[in-house]
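In what follows, chains are A, B, ... by sequence order, proteins preceding strands, each numbered from 1. Below, each value reflects all heavy atoms present in this structure, side chains not excepted, and no hydrogens, waters or symmetry copies.
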Amino acid sequence: MAEKLVIIGAGMASGRMLEHLFEAEPGRYDVTLFGAEPRGNYNRIMLSPVLAGEKRYEDIVTHDADWYAANNVNCRFGQTVTKIDREAKSVFADGVETPYDRLVIATGSAPFILPIPGKDLPGVRAFRDLDDVEAMVAVAGKPDAKAVVIGGGLLGLEAAAALRGRGMEVVVLHLAGHLMERQLDAAAGYLLRRELEGRGIKVHCKAQTKAILGTDRVEAVALDDGTIYPADLVVMAAGIRPETRLATDAGIEINRGIVVSDAMVTSDPDILALGECVEHKGAVYGLVAPLYDMAKVAAKTLTGSEAAFKPVQTATQLKVTGVSLYSAGDFAEADDREEIVLRDATAGVYKRVVLKDNRILGAVLYGDTADGSWFFDLLKRSTDIAPMRDTLIYGQSYGGGASADPLAAVAALPAEAEICGCNGVCKGTISSAITSKGLTSLDDVRAHTKASASCGSCTGLVEKLLMSTLGDSYNPAAIQPMCPCTELGHDEVRRLIVAQGLKSIPAVMQELGWKTSCGCAKCRPALNYYLVANWPGEYEDDGQSRFINERVHANIQKDGTYSVVPRMFGGLTTANELRAIADVADKFEVPTIKVTGGQRIDLLGIKKEDLPAVWADLNKAGMMSGAAYAKGLRTVKTCVGSDWCRFGTQDSTGLGVRIEKFMWGSWTPAKLKLAVSGCPRNCAEATCKDIGVICVDSGYEIHFGGAAGLDIKGTEVLCHAKTEDEAMEIIAALTQLYREQGRYLERIYKWAKRVGSDSIKANVVEDLGKRRQLFERFVYSQKFAQVDPWEERVNGRDAHEFAAMADFQMLQAAE
Amino acid sequence: MNDWVDIGCLEDVPRRGARCINTPLGKIAVFRTADDRVFAIDDQCPHKGGPLSQGIVHGAQVTCPLHNWVFSLETGVAQGADEGAVRTYPLRLHQDRILIDAQTFAAATAA
């Protein structure tokens, strides 16, 4: 029978240990994994990008349910182990006893909470896990919300930048004289401070926090010097300490952390410990690279082979989008040390290398960190830099004036050069994996070597390594870029628009490094849509970035004429409307009049210069644009329902009219067609629409994700609504979710397939709070969207569109 | 011999947009780029006759609204894999007035 292995803590260290263990001896142990969080292992380093809105939780999951199932791990997530009984060799969680043969303690660290009054008020959070992130995001969503971050270290600054990106007013309180004093010298700390202040973050150094004020929840933070900062959220990022309480209670040897041997074994030979909770030779560790080394050693110990943990130097990078910062080694000044400094104040670049006896002891890079891994490599190998001392600070590619070719720089790195600091993967390992295993993509490299799979900051290096190893056959299409103007995909662009508060097309192109000055016909309409959808009331629609149909509000035909489709709400019309349409057809000699599939009338073959006059006549009869050209709400098709039909169960026509009156004018990623059928006989064909409603005796069945175009697909049932009001709210919330997540030109069925119906249902059906918020955002956006574009143009808007600039035909005829 | 005639003001053409002038040769599309350069080409795509003046203007290029062919406004040549070209017409900017050489299309009718 397999030995029983119990693990307390389902974080990154134990996760990595299990990977090594299952790789070495799958099935040797019967594994039970306890985690205090109600979820499995995820990449905690990436919580900052999640908080910033640049990544989603799903993007940072390292082990999903399938992985645990495939490896027969008995998962006990959401269960906190409260006691270890070493005599009985068992642990207790929720009163249930679980026996072990070997036990691994991987309880990680606990945030250090300043022992000050008010520390327990609601609104005071650590920045440790996904629950913290979700709590912070919730506060950040409130208008004019203010945050105070206590601690100007790595974690605190990542939190501050992310919260600022979400629109909060942010103050950082820091005890020391400059930011990140453990990683940065004062000069780099100053540049960092300037950058953060430029983003509107207030930095208060030498700040001694006295108390957190508030009655029911946090309201302000008070300092010793009398300063008071109002706050809706306080983030405690003042440091971490090893979480050792369980081990202490069990009588295992503790110092600052749980004391372990080189083999990761505690004072009890049956119990191992690893990760942030341990102390090895007097040192405790917080960065991921040494923890992964511990994981390797612990797995070997568990399989009975010999291994010893050897601490290595680590380098630090700050994960704040737009800030490049790298520090490694020891950079304190001393008499026997020398330093080389390069400053470029305008470019915001600062580089400092600290030397002793012509060997690098430490390096701090700010603004341009491309040479970080090269310096770090020289440091670790203790290379004598005397021969290149004069040019050392200019970096690796400075060799006889050759231009800085990043590819050549990577190619020139020695095989032992470390590429991925988190996982301790060197260049040689990656190159040989690429060639021997035939890897062709970033994901392949991540899967096989773990390089760039943790914090991701070496992704660029790994890609260059792929390029230099594979040459032209490397196709970096892991993410399909939006268009040739950018490397970024639709989702990245969209997240960054929100995270960085970008509110114009030039701002997006500037901040996200567009490769063309003016974009192209692919990216400009997409960007215009994302900005319209994200910043209602703030963003000014850029007509020149819209396809012609949306610019002139009619559909271009193959001969350059246009077709005009007035709106008929729910497919209802009147004798007056029909008369006006007939008059327009006569007056402008409309060659073709056609009934459309969306239950309205299309006037085809209208000359562009006649459009405003045609619209004026239609407006006079009370008709507006049907948006038959729009990536937006098109029609709501209906049947006659309970008013006339002997089978009708509800007023389907009335509901259709109501939906269309509520939703017209809204822009969506692609066209949006709806239908309401009065009974399951489905005369309005609601089950092949983007969103459909089938009325039944008990209410309304809401469907979505149908298609009857290039693809044919029946809808899927979203949920059942009891009343018209409920149906309206669900439909609007669904549309808003699609507006916020859909890629430009992605129809609703493709979006649903990509994100999964479960996630849509979770937002729109199961979580009533989220549904309400989506609905309210839709309603807010409609305030600015419901303007008839025809009427605007009848009144003179964009007059240049509809008239020639000059006419020389007459001139010629006169001659 | 050039015969520069005034066709309008720079402000009459939207940035990253186009207007048409009617000539005996048909419509000529007058473009204005984001950096206020102006170009004139035939308003007819050699592919299926699409009105190029209705396309999206990016840099010194326009994308045809019918089937997304892209043309250089400077040379009139189709970009990428598509093959073809449209005729270009010299324009001059005099202060904020746009001038076209009427000879180009007058000559064509006389010939």
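Interface remark: A:Arg551 contributes side-chain atoms only to the contact with chain B (heavy atom separation under 4.5 Å). Only the side chain of B:Leu66 comes within less than 4.5 Å of a heavy atom of chain A; its backbone N, CA, C and O stay farther away. Of the atoms belonging to A:Asp542, it is side-chain heavy atoms, and not backbone ones, that fall under 4.5 Å from chain B. Proximity to chain B (any heavy atom under 4.5 Å) is shown, for A:Lys522, by neither the backbone nor the side chain. For B:Ile28, no part lies under 4.5 angstrom from a heavy atom of chain A. Neither the backbone nor the side chain of B:Val70 has a heavy atom closer than 4.5 Å to any heavy atom of chain A.
There is a side-chain donor-acceptor pair under 3.5 Å between A:His553 and A:Tyr629. No side-chain donor from either of B:His58 and A:Thr516 sits under 3.5 Å from a side-chain acceptor of the other. A:Asp610 and A:Tyr562 share no side-chain donor-acceptor pair at under 3.5 Å. Between the side chains of A:Tyr749 and A:Asp711, at least one donor N or O lies within less than 3.5 Å of an accepting N or O.
Between atom CZ of residue B:Phe31 and atom CD of residue B:Gln61 there is a gap of 11.5 Å, rounded to the nearest 0.5 Å.
Aromatic ring centres of A:Trp615 and A:Phe802 lie closer together than 6.0 Å.
Between chain B and the residues A:Lys558, A:Lys608, A:Arg546, the most heavy-atom pairs under 4.5 angstrom are made by A:Lys608. In terms of heavy-atom pairs under 4.5 Å with chain B, the best-connected choice from A:Asp798, A:Ile548, A:Asp559 is A:Ile548. Chain A forms the most heavy-atom pairs under 4.5 Å with one residue out of B:Gly17, B:Ala34, B:Pro14, and that residue is B:Pro14. Of the listed residues (B:Val30, B:Thr33, B:Val57), the greatest number of heavy-atom pairs within a distance under 4.5 Å of chain A belongs to B:Val57.
In this pair, B:His47 and B:Trp69 present their aromatic rings parallel. The plane angle is below 30°, not in the 30 to 60° band.
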